[in-house]
Amino acid sequence: MERQAMKSNSTNPFYLVPYYLWIILFVITPIALVTYFSFFDISGNLTLDNYRNFFSSVYLRLTLSSFWYAFLITLISLLVAYPTAYWLTKTKHKNLWLLLIIIPSWINLLLKAYAFIGIFGLYGPANNLLASIGSERLQILFTDFSFIFVSVYIFIPFMVLPIFNSLDRINPALIDASRDLGASSWTTFTRVIFPLAINGVKAGIQVVFIPALSLFVITRLIAGNKVITLGTAIEQQFLVTQNWGMGSTIAVFLILFMIIIMMITGEKGGTLNGKVK
Amino acid sequence: MSGNSIIRFENVTQKYEGAGTVLNNVSFELQRSKFYTLLGPSGCGKTTILRLIAGFIKPTMGDIYIEGEIVNDFPANERQVNTVFQDYALFPHLNVFENVAFGLRIKKLKGAEIELRVMEALDFVNLPGYEKRKIDEMSGGQRQRVAIARAIVNDPEVILLDEPLSALDLKLRTEMQYELRDLQQRLGKTFIFVTHDQEEALAMSDEIFVMQAGEIQQSGTPMDIYDEPINRFVADFIGESNIVDALMIDDYRVRFANQEFECVDKGFNKNEKVEIVIRPEDLHITRIDRGQITVTVNSQLFRGVHFEISTVDEVGNEWLVHSTKKVEVGSRVGLDFEAEAIHVMGLNESEEAFDARLEAYGAAGYEK
Ligand SMILES: Nc1ncnc2c1ncn2[C@@H]1O[C@H](COP(=O)(O)OP(=O)(O)OP(=O)(O)O)[C@@H](O)[C@H]1O
Ligand SMILES: [Mg+2]
């Protein structure tokens, strides 16, 4: 099987054409264009000003706040998703439960955002509930809280899936072995389960942190103008200020950050789940 | 219930959802410092017994005693028992040293003592110098030694070994059989060894438990079980055997192959239907006029040490013979055997009834 596959790879590069075409059209070209545009100012002159501007305090603060929000969103997602994934591996119909958790991620982001505007609105169900227990109606929308809450809600399935997969792949005999050698369930978790599933956690962090850095739909709709991230800044430069050069520059940095994060959280090859010999 | 008893099962039944009864009312007692083997075909419940002793599962019914104490509700980490798993279950994220040190670290021993004991254990299993290796850089035989080191380093009273040799090639396997037996004698601990290989069981054990479908069919020393199998299943499972329907005419008289023979068994009813066993190596090929039964040679296989000769007698019983001499296929020859070679088995005799009969009448060559 493997040899055949290798053979067809080496003797028939024709099969790889669609793949390369895809990469060139949708990965390399956009990145090249973005990089190209980042060297022009608003009136079309070649310049490095955009890069100089990025290192001004305004954009640095923006970057910092983007990272902070992405960090919070990732951390809270992880804290919710890990126990959920762990519990999922213990349930009887784990694939059914997994499906139930994943289904919301198929619904359009805008739809979910609008649903939350309804829920968190001044006269929405959340405030109705508060009112019914005698509290004042609160401004929930357009706060840090609502922004993080909704983002976490949206990202949780993406965090649960890789963690579930790596937990589920752990050879159950390893857990028996740990107990057999005298470890309590907690020690078994810290010394065996957690290290063996660490790749799932890394993958989860990657798929949440990177998109969270560049969020703009949720930021706009749920946080209003309270939260400005790299994502909203890019959107603003392109659509409001029409400064494509500056927008591209921010995008270039965003791409750089993503690459760095992927390198930090990337797997070093080889699976450690104990089932692969 | 002597003071030397270390593990006792009392009417233990194990049921799994969907699999029904996996162990059916099993009782036995194990003595300290002996090498026990659970022997039986795949799915008969061997691993289940080990898992019950280790504490990974609780018995559905009955009680399990370790050192005289009921341990049904003790979790695995509170039992003085360590396991060598069927697929070794070594931790892939730890190197050899840390795998072996795992149990000692849990006990929070000092670094220097851990180092000392791990090195000692690795020496014991003939793996010095391997402590920095990753698990996936070790061969099957080496992994198995790591798994043994990881168990013995904790100095448990009982070590459970679940088919630890099944993944090894024949040569290494034979070598490891000697090593394991030797290890058990040096350590002086109780070993409970699982296998479905009867030769392995016969070679290594102080006592064998032959299991079938969740029940212990017979227990005893390798010699007892080989020479005095309780029923067809045990006789068949332990080595090759010729099992033939027979009639017990009287004490010491048994009839099969249309003839009456002298034998050493008694205690059956007159004219009771029985089965007799004769091992292939107890049958000798000779001239027709010197043989006790006359057979025709069907086929012959060279097995290295001996020829395996398949023959059939005049009433259609098949007789397998092990012989160092060749015979001609298709020829008629005589088979000779001694009265002691015939072992009579009652039909559907329980182990208790079997033991009682032997005790009451004292069969030749059977001491207990
Ligand atoms: N967790 C479980 N749930 C349901 N059935 C099980 C479970 N574990 C074992 N069984 C069943 O119990 C029976 C005995 O299993 P066990 O593992 O004890 O067999 P074994 O004698 O060790 O066999 P082998 O030689 O193949 O390892 C089998 O029929 C098996 O399918
Ligand atoms: Mg088994």
Side-chain angles (χ1 to χ4, degrees), chain A residues 2 82 85-86 89-97 162-205 265-277, chain B residues 17-18 47 50-57 74-95 98-109 121 134-140 143 146-147 149-156 158-162 167:
Chain A
E2 210 170 351
Y82 202 108
Y86 188 78
T89 61
K90 301 265 173 259
T91 52
K92 245 190 189 162
H93 308 284
K94 39 188 171 189
N95 287 318
L96 179 72
W97 285 106
I163 297 178
F164 169 84
N165 278 335
S166 57
L167 283 174
D168 200 41
R169 241 182 296 156
I170 294 176
N171 180 354
L174 295 177
I175 291 154
D176 283 345
S178 168
R179 301 302 306 263
D180 189 67
L181 292 164
S184 61
S185 359
W186 176 247
T187 317
T188 300
F189 176 76
T190 58
R191 298 209 180 179
V192 178
I193 298 172
F194 189 78
L196 284 176
I198 193 74
N199 283 337
V201 174
K202 284 182 180 173
I205 290 176
T265 54
E267 296 177 35
K268 285 198 207 98
T271 39
L272 276 182
N273 50 55
K275 264 187 186 166
V276 180
K277 288 247 168 97
Chain B
E17 231 174 285
T47 299
L50 291 197
R51 292 179 67 78
L52 282 165
I53 298 174
F56 303 135
I57 46 175
F74 284 28
N77 53 325
E78 286 169 26
R79 298 190 187 190
Q80 273 280 316
V81 169
N82 285 118
T83 309
V84 176
F85 289 85
Q86 199 156 3
D87 57 356
Y88 310 145
L90 297 171
F91 302 118
H93 60 300
L94 302 177
N95 64 15
E98 286 305 323
N99 261 283
V100 179
F102 194 91
L104 303 177
R105 293 221 189 276
I106 302 285
K107 287 192 196 120
K108 299 213 161 37
L109 298 185
K134 283 188 189 157
I135 295 308
D136 58 12
E137 295 166 356
M138 305 286 279
S139 75
R143 283 181 205 192
V146 177
R150 186 176 70 172
I152 63 173
V153 78
N154 303 293
D155 201 27
V158 180
I159 295 176
L160 311 174
L161 304 105
D162 197 351

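Below, all heavy atoms of this structure are taken into account, side chains as well, without hydrogens, waters or symmetry copies. We name chains A, B, ... by the order of the sequence lines, and we start the count at 1 in each one.
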ask   = Given a strict heavy-atom distance threshold of 4.5 Å, which part of A:Ser184 is in contact with chain B: side chain, backbone, both, or neither?
value =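 When you check distances to chain B, atoms from both the backbone and side chain of A:Ser184 fall under 4.5 Å.
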
ask   = Considering only heavy atoms, which portion of A:Ser178 lies under 4.5 Å from any heavy atom of chain B: side chain, backbone, both, or neither?
value =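 For A:Ser178, backbone and side chain are both near chain B.
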
ask   = Taking atom types as modelled, is there a side-chain donor on A:Ser166 or A:Asn199 under 3.5 Å from an acceptor on the other?
value =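 Checked: A:Ser166/A:Asn199 side chains show no N/O donor-acceptor pair below 3.5 Å.
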
key: Choice from B:Arg79, B:Lys107, B:Arg150, B:Gln86 maximising heavy atom contacts with chain A below 4.5 Å   =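 Most heavy-atom pairs under 4.5 Å with chain A: B:Arg150.
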
task = Side chain from CB out, backbone as N, CA, C, O: work out which of these in B:Asn82 comes under 4.5 Å of a heavy atom of chain A, or both, or neither.
result =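 When you check distances to chain A, atoms from both the backbone and side chain of B:Asn82 fall under 4.5 Å.
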
task = Considering only NZ, NE, NH1 and NH2 on the basic side and carboxylate oxygens on the acidic side, decide whether A:Asp176 and B:Arg51 come within less than 4.0 Å.
result =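 B:Arg51 and A:Asp176: salt-bridged.
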
inquiry  = Can you classify the ring geometry of B:Phe91 versus B:Phe102 as parallel (below 30°), tilted (30 to 60°) or perpendicular (above 60°)?
reply    =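 Rings of B:Phe91 and B:Phe102: tilted, as their planes differ by 30° to 60°.
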
Non-hydrogen atoms of A:Arg179 and A:Thr188 that approach each other most closely =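 So the minimum-distance heavy-atom pair works out to CD-OG1, 3.4 Å.
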
